[in-house]
Amino acid sequence: MTVALMWEARALDGRGADLLAWARKQELDGQPLRRETFRAPQDRVLVITWWDAAYDAELPELPEPTGELVSRAVHRWRFESVDGD
């Protein structure tokens with residue numbers, strides 16, 4: 001089964017580039033099948049990692065950035081792939 005972990009944070013005004021750089025530097029304890037990093041308006045950063053694991057497996061996730069970078073708590077979601085659609 002493939003599990004996707006999504007991590008999304010919103011930077012303080014004007015700190016989007018700093019948050020993006022911070023997220024890209026974060027190493028995980030393990031190698032995902034794939035990792036992509038995105039940015040969006042309002043200084044938001046999204047990181048998606050894909051893992052070959054059960055839905056409820058304990059997987060490494062990006063940490064919370066310092067309060068000097070973000071305007072709110074990180075949002076996290078977990079999804080499993082659905083074959084045949």
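Numbers here simply count residues along the sequence, with the first being 1.
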Please collect all salt bridge (charged side-chain N to carboxylate O under 4.0 Å, His left out) contacts where either partner lies in residues 19-33, sequence neighbours excluded, each pair once. none
Residue pairs fulfilling salt bridge (charged side-chain N to carboxylate O under 4.0 Å, His left out) with at least one residue in residues 45-56, sequence neighbours excluded: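 For residues 45-56, and leaving out neighbouring residues, there are no salt bridge (charged side-chain N to carboxylate O under 4.0 Å, His left out) pairs at all.
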Among all residues two or more places apart in sequence or in another chain, which pass the side-chain hydrogen bond (donor to acceptor under 3.5 Å, both in side chains) test with [X]?
X     : value
Trp51 : Thr49
Arg34 : Glu36
Glu64 : none
Arg76 : Glu61

Where do Arg44 and Glu8 land on the side chain to side chain contact (heavy atoms under 4.5 Å, CB included) test, with the steps shown first? CA-CA 7 Å; Arg44 289 178 291 139; Glu8 188 263 341; 3.3 Å; yes
Would you check if Arg35 and Leu28 make a side-chain contact, meaning some heavy-atom pair closer than 4.5 Å?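 The answer is yes; the side chains approach within 4.5 Å.
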Atom OG in Ser71, atom CG in Asp43: separation rounded to 0.5 Å? 8.5 Å
Rounded to the nearest 0.5 Å, what's the gap from CG on Leu46 to OG1 on Thr37? Could you check? 8.0 Å
Do the side chains of [X] and [Y] join up, straight or via other hydrophobic residues, at under 4.5 Å, putting them in one cluster?
X     : Y     : answer
Leu33 : Phe38 : yes
Val45 : Met6  : no
Trp50 : Leu59 : no
Ile48 : Val3  : no

On a heavy-atom basis, which atom in [X] and which in [Y] lie closest, and how many Å separate them?
X     : Y     : value
Pro32 : Gly30 : CD-O, 3.6 Å
Val47 : Ala23 : CG2-CB, 4.2 Å
Pro60 : Leu5  : O-CD1, 3.7 Å

Pairs flagged by ring pair (Phe, Tyr, Trp, His ring centres under 6.0 Å) wherever residues 55-81 is involved - sequence neighbours left out: His75-Trp77
Who pairs with Arg10 by salt bridge (Lys or Arg N to Asp or Glu O under 4.0 Å), at least two apart in sequence or on another chain? none
For residues 15-22, which side-chain N or O atoms pair as donor and acceptor with protein atoms under 3.5 Å away, sequence neighbours left out?
from: Arg15; atom 1: NE; to: Asp18; atom 2: OD2; distance (Å): 2.6
from: Arg15; atom 1: NH1; to: Glu68; atom 2: O; distance (Å): 2.7
from: Arg15; atom 1: NH2; to: Asp18; atom 2: OD2; distance (Å): 3.4

